[in-house]
Protein chains: 2
Amino acid sequence: MPYDLHIFPVFASLSPEHQKALAAIAGTKTYQAGQTIFQENDPGEGFYGIVRGRVKIYKSSPLGKEYILHIFGPGEIFAEVAVFAGKNFPANALCLEETKLLFFPRTQFRRLIAENPDLGLNLLGLLSMRLRQMVAKVEELSLKEVPARLAAHLLLIRDNLGRDLFELDLNKSQLAGYLGTVPETLSRVIRRMKEEGYIDIKGRQVNLLDVQGLEDLAGGSTRLQP
Amino acid sequence: MPYDLHIFPVFASLSPEHQKALAAIAGTKTYQAGQTIFQENDPGEGFYGIVRGRVKIYKSSPLGKEYILHIFGPGEIFAEVAVFAGKNFPANALCLEETKLLFFPRTQFRRLIAENPDLGLNLLGLLSMRLRQMVAKVEELSLKEVPARLAAHLLLIRDNLGRDLFELDLNKSQLAGYLGTVPETLSRVIRRMKEEGYIDIKGRQVNLLDVQGLEDLAGGSTRLQP
DNA sequence: CCTTGTGTTTGACTTAAGTCAAGGCATAAA
DNA sequence: TTTATGCCTTGACTTAAGTCAAACACAAGG
């Protein structure tokens with residue numbers, strides 16, 4: 001086993017046997033600063049995990065301009081998308097400093113998951129879970145204004161209960177924290193949404209008066225009064 | 001082939017043969033509003049894709065409180081994380097309306113990728129790619145302030161070129177757009193960062209005067225892990 | 001030379017939301 | 001009843017950033 005896979009978050013929660021199996025097909029490679037790992041259109045023979053160092057992924061245009069897609073550091077894997085899809089590399093990879101890599105050859109990896117489908121399923125599960133988390137985070141971050149976040153939250157509760165009149169199970173301070181704001185702002189937002197006839201709130205009793213309006217608020221439009 | 005997999009974004013870019021193979025193991029199930037699909041601790045016999053309708057995923061506490069984890073709609077798949085990991089379901093699933101599902105049984109799915117490892121690799125590639133995109137989006141969204149985004153951008157160029165003095169390849173209006181702001185704001189931010197001694201900019205010539213300060217400004221969020 | 005156009009900067013204003021400080025209100029404890 | 005505590009609201013202020021409009025810079029063409 002050439003290296004400990006624990007440093008790779010994607011592999012960390014695999015079972016010890018699966019980690020062992022993966023480690024068994026991995027080879028180590030060391031590159032100096034400035035060395036190229038692969039170039040655009042090279043066949044994707046395998047993917048890489050960074051043990052130490054940093055790798056720049058970039059494309060260069062015919063005019064010599066270069067466009068940096070990403071810089072990867074320790075614990076990250078790269079080039080797996082092209083390799084998994086069985087394509088040639090779509091970009092170049094170059095080491096920015098002395099870099100130690102693990103190399104997972106495509107054919108061996110392919111054989112591994114053929115012989116050991118549970119490893120494949122587990123990897124799919126891991127990626128799926130991380131994707132879920134990221135999607136949730138993006139949704140949370142992109143509803144940038146408090147009225148939008150509040151509207152989305154109330155509509156979620158409504159969807160769930162199937163009625164427009166319900167009781168919150170958080171107090172307003174907790175709700176503010178959950179929505180990523182402070183109680184004062186939440187208080188003012190609620191007042192405005194009451195004044196404008198979207199909702200009625202007394203204590204924890206919520207009544208949704210204008211569901212369509214709330215949906216607009218939660219959706220594209222970001223303003224209470226356009 | 002019970003249903004067209006095109007409506008599922010996760011499967012849409014698989015090759016027609018792979019889609020066919022997947023469709024061949026899928027069965028359809030229809031549920032009425034309020035019906036339970038599975039409950040916490042049920043064995044994960046397979047995962048689901050929603051053709052029509054909506055499904056609520058929730059946990060209930062011993063006190064009867066319920067916590068909604070997610071509501072899925074058409075085109076989304078769910079329960080795949082537990083199924084891939086070979087675990088029991090960690091939550092309950094209930095239909096909010098009349099719902100038509102595709103069911104992919106675990107054992108058949110497992111056999112499918114054992115016999116057809118390229119399908120497994122392609123699925124891994126798809127998830128990997130989508131995860132990449134989401135991670136990029138989160139990074140972009142969480143650097144909320146313009147000075148932080150500008151600092152991170154300049155440091156990325158510096159990392160790449162290995163020097164503190166370089167020339168931008170965008171004009172300031174384009175740069176503003178790239179950073180998700182407007183030229184006026186960028187102009188003011190640059191003036192402030194000049195006054196405060198972080199950088200010097202004349203035309204497209206950039207000189208990074210205080211790299212440590214810029215790193216602090218960028219907030220470490222895009223920077224490399226230690 | 002002047003004109004025109006594009007990109008840049010500046011000023012004045014507006015909005016969203018956070019902070020700080022001060023009250024208000026209701027329920028539980030004394 | 002009074003007091004205290006926790007929660008909620010309100011007001012006054014501050015900051016980041018966007019909009020609108022105007023001024024500026026400078027190069028290219030007439």
Side-chain angles (χ1 to χ4, degrees), chain A residues 137 139-154 157 166-207 213-214 216-226, chain B residues 139-154 166-207 213-214 216-222:
Chain A
K137 207 159 189 125
E139 280 180 2
E140 180 196 318
L141 289 168
S142 16
L143 286 177
K144 53 205 182 320
E145 303 189 352
V146 177
R149 298 203 292 270
L150 176 58
H153 182 70
L154 295 177
I157 297 176
F166 52 84
E167 187 159 327
L168 294 171
D169 51 350
L170 298 176
N171 70 35
K172 300 221 177 109
S173 301
Q174 294 169 316
L175 179 59
Y178 178 77
L179 295 175
T181 183
V182 294
E184 297 96 316
T185 295
L186 179 61
S187 182
R188 295 181 235 264
V189 166
I190 287 175
R191 185 176 47 174
R192 260 173 62 210
M193 287 173 69
K194 281 205 285 206
E195 286 166 5
E196 289 165 24
Y198 288 104
I199 54 176
D200 192 34
I201 296 190
K202 278 193 194 68
R204 292 191 180 186
Q205 286 295 330
V206 179
N207 190 3
L214 287 170
D216 293 348
L217 261 188
S221 157
T222 55
R223 289 213 160 148
L224 274 185
Q225 282 172 324
Chain B
E139 280 183 0
E140 180 197 319
L141 289 169
S142 25
L143 285 177
K144 66 231 168 301
E145 303 188 352
V146 176
R149 298 204 292 271
L150 176 58
H153 182 71
L154 295 177
F166 52 83
E167 187 160 325
L168 294 172
D169 50 352
L170 299 176
N171 70 34
K172 300 223 177 106
S173 301
Q174 293 169 318
L175 179 59
Y178 178 77
L179 295 176
T181 183
V182 294
E184 296 96 315
T185 294
L186 179 61
S187 180
R188 294 180 234 265
V189 166
I190 287 176
R191 185 176 46 175
R192 258 174 58 211
M193 287 174 70
K194 281 205 286 206
E195 285 165 5
E196 289 165 21
Y198 288 106
I199 55 177
D200 192 33
I201 296 190
K202 278 194 195 68
R204 293 190 180 187
Q205 286 295 329
V206 179
N207 190 3
L214 288 169
D216 293 347
L217 259 188
S221 114
T222 25

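Under 4.0 angstrom from either OP1 or OP2 of dA17(D) there lies no side-chain N or O belonging to T185(B). Look at S173(A) and you won't find any side-chain N or O under 4.0 angstrom from OP1 or OP2 of dG6(D). Distances shown here put a side-chain N or O of N171(B) below 4.0 Å from the OP1 or OP2 atom of dT8(C).
For the pair L186(A) CG and dA17(C) P, the interatomic distance rounds to 11 Å; values are reported in whole Å. Distance NZ (K172(A)) to P (dT10(D)): 10 Å, rounded to an integer number of Å. A straight line from CD1 of I190(A) to P of dC8(D) spans 9 Å, rounded to a whole angstrom. dT10(C) atom C1' lies 15 Å from atom CZ of R192(B), rounded to whole Å. In this structure, R204(A) places its CZ atom 12 Å from C1' of dG6(D), rounding to the nearest Å. Distance E145(A) CD to dA16(D) P: 18 Å, rounded to the nearest Å. E184(B) places its CD atom 14 Å from the P atom of dA22(D), with the value rounded to the nearest Å. R149(A) places its CZ atom 13 Å from the P atom of dA16(C), with the value rounded to the nearest Å.
Under a 3.5 Å cut-off, the side chain of K172(A) and the backbone N or O of S187(A) do not form any donor-acceptor pair.
Listed here is the closest heavy atom pair of P183(B) and A176(B): N-CB, 3.6 Å. Heavy-atom minimum distance, A151(A) versus L217(A): CB-CB, 4.0 Å.
Heavy atoms of R188(B) sit under 4.0 angstrom from at least one base atom.
Inter-residue side-chain proximity for H153(B) and L179(B) is flagged as met; some heavy-atom pair is nearer than 4.5 Å.
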